[in-house]
Amino acid sequence: MSETSRTLPRLVVETTRVDDIRLLVPLLDSRHPLLWMRKGEGMAGAGEALRLEFSGENRFVDACETWREVARLARVTDPLQAPGTGLVAFGAFAFSATSGLISTLIVPEIVIGKRAGVYWITRITALSESGVPLAPPLPMPAARPLGAEYRLSLLPGQVKPDDYRASVEAAVSRIAAGELNKVVLARDLVGHLPAEADLRRTLTDLALGYPDCWTFAVDGLIGSSPETLVRVDHGTVSARVLAGTISRGRDAEADHDAAISLATSSKDLDEHRFAVASVVQSLQPHTRTLITSEIPFTLKLPNLWHLASDAEGILSDGSTSLDLIAALHPTAAVAGAPTATALAVIDELEPFDRGRYAGPVGWVGADGDGEWAVALRCAQIAENGDITAYAGAGIVAESDPERELIETKMKFRPIVEAFG
């Protein structure tokens, strides 16, 4: 028996099909929610049967190896065999290998799920070496009314608007000098959550306002991301790349003009091209075939337009979703190109630790299938209630500091409005 298998508990997992589950968010813990949802479908978690933590350069590789061992040891009863049933872990990974924030996989004690008209409950029990449950069974979550409304402001953190403009100017100079082609620079907003605040209110606002995005809550990281980093399902792999942004128009005509402007913008098309190339380069070694959009399409969200491209393929090497987030992260959409140079420039020009912002967030199943998004339009909430939100913009040779600042304001809008 390996050292890992001696230290990991054995999990007993049982999935049961149930009748209609109306809403997931009311079932969540008000202060420590676990959620993965889009268009009202997904999974809500309660409790922690197992918590795995990783850090450093090998955080993804360590997570892959440990999860394989967890799955090998588990005894799983899953008559449904659908995405999200059986053994699952919710995960959130730090953007940087040097981050002070831990990357984690959390196996809930209870998972309540709904997808394509199928509803289920999974109970997961951790056993000691002698086969005794490590904790008493968790009561089944019941839907509860949302707590009192609250409104709070998020204000500039370490990077003030003038600081951000100066960073963009510095990045453009480095690009003009030929050091790199693109770099993504972020800034932060901060606030504080009231003592009795119910985070389900924030998640409800995000889910209702951005139904086509992945609304997530994992270990204090909450948000609604439009960007699918990778999805693995029975040997198929898919991803959605977003890079290039413009604000929605005030009326139908202005909105149409905005979409056309984005689709024909050489600056945004260049930014998008770098992002697509990085995803293709990372996925190709793992696929027999990989099909990507010939030209990007405009993706409409409630507050902005994105340039988007989809990639789909057939896996050829048995890679899991954790293997692929290790291969993909960080993409040019959240770091830049070339990657190593962009990361060095980010470290130089950003005065803060990104934490899990722009890192992978999602879930993985026992077979390695899963869904992972890029943690965007998000905020990290500390145990003491401190909130830090992040938003960034891709800087290329044609970037204008004021325009990039405005782009970050647009990207902050979902999380700012959900809290305020």
Side-chain angles (χ1 to χ4, degrees), residues 93-99 157-159 161 163-176 179-189 223 225-229 239-246 262 265 267-279 281-282 296 304 306-309 325 328-361 373-378 388-412 415:
F93 286 82
F95 176 83
S96 172
T98 61
S99 175
Q158 295 186 57
V159 179
D163 299 327
Y164 189 75
R165 294 185 189 96
S167 294
V168 173
E169 287 181 357
V172 170
S173 295
R174 305 282 283 272
I175 293 168
E179 293 183 35
L180 71 168
N181 298 314
K182 172 188 173 181
V183 63
V184 178
L185 294 180
R187 65 187 185 98
D188 58 332
L189 297 179
S225 176
E227 185 161 358
T228 302
L229 178 63
R240 171 162 287 182
V241 183
L242 303 182
T245 309
I246 196 169
L262 178 65
S265 164
K267 179 265 181 189
D268 290 290
L269 288 169
D270 283 347
E271 180 185 342
H272 190 81
R273 177 168 53 84
F274 294 130
V276 172
S278 74
V279 169
Q281 183 178 14
S282 298
L304 47 78
H306 277 303
L307 284 181
S309 292
I325 65 173
L328 284 162
H329 179 79
T331 69
V334 293
T339 302
T341 306
L343 291 175
V345 172
I346 289 170
D347 286 342
E348 181 180 337
L349 297 181
E350 286 184 4
F352 53 76
D353 180 348
R354 286 188 175 187
R356 297 161 178 163
Y357 163 70
V361 59
V374 182
L376 305 173
R377 319 297 191 266
C378 64
T388 308
Y390 303 91
I395 313 305
V396 293
E398 298 85 0
S399 288
D400 171 73
E402 186 62 30
R403 178 183 170 183
E404 303 301 345
L405 178 65
I406 292 171
E407 180 173 323
T408 63
K409 290 180 180 178
M410 289 188 294
K411 291 176 176 177
F412 271 127
I415 204 74

Could you go through Glu404 and Glu169, starting from their C-alpha distance and side-chain angles, then the distance that decides it, and tell me whether this counts as side-chain contact (heavy atoms from CB on, under 4.5 Å)?
CA-CA 10 Å; Glu404 303 301 345; Glu169 287 181 357; over 6 Å; no

Please evaluate residues His272 and Ser309 with respect to the criterion side-chain contact (heavy atoms from CB on, under 4.5 Å), reporting the C-alpha separation (whole Å), side-chain torsions for both, the decisive distance (0.1 Å), and the verdict.
CA-CA 9 Å; His272 190 81; Ser309 292; 2.7 Å; yes

Run the side-chain contact (heavy atoms from CB on, under 4.5 Å) test against Glu402 and tell me which residues pass, sequence neighbours left out.
Arg165, Asp400, Leu405, Ile406

Is there a side-chain contact between Val241 and Thr331 (heavy atoms, below 4.5 Å)?
no

Name the orientation class of the two ring planes belonging to Phe352 and Tyr390 (parallel below 30°, tilted from 30 to 60°, perpendicular beyond 60°).
tilted

Got a salt bridge between Arg403 and Glu407, using NZ or NE/NH1/NH2 to carboxylate O under 4.0 Å?
no

Any side-chain heavy atom of Lys411 sitting closer than 4.5 Å to one from Leu304?
yes

If you count every heavy atom of other residues, nucleotides or ligands that lies below 6.0 Å from Gln158 atom CD, does the total exceed 12?
yes

Heavy-atom pair of closest approach, residues Ala342 and Leu180:
CA-CD1, 3.9 Å

Do Arg377 and Ile415 have side chains that get closer than 4.5 Å, going by heavy atoms?
no

Could you please spell out the steps behind the side-chain contact (heavy atoms from CB on, under 4.5 Å) verdict for Ser99 and Arg354?
CA-CA 7 Å; Ser99 175; Arg354 286 188 175 187; over 6 Å; no

Would you mind reporting whether Val396 and Asn181 have side-chain heavy atoms less than 4.5 Å apart?
no

So, the side chain of Glu350 versus the backbone of Ala186: is there a donor-acceptor pair under 3.5 Å, distance only?
yes

Shortest non-hydrogen contact from Ser167 toward Leu185
O-CD1, 3.5 Å

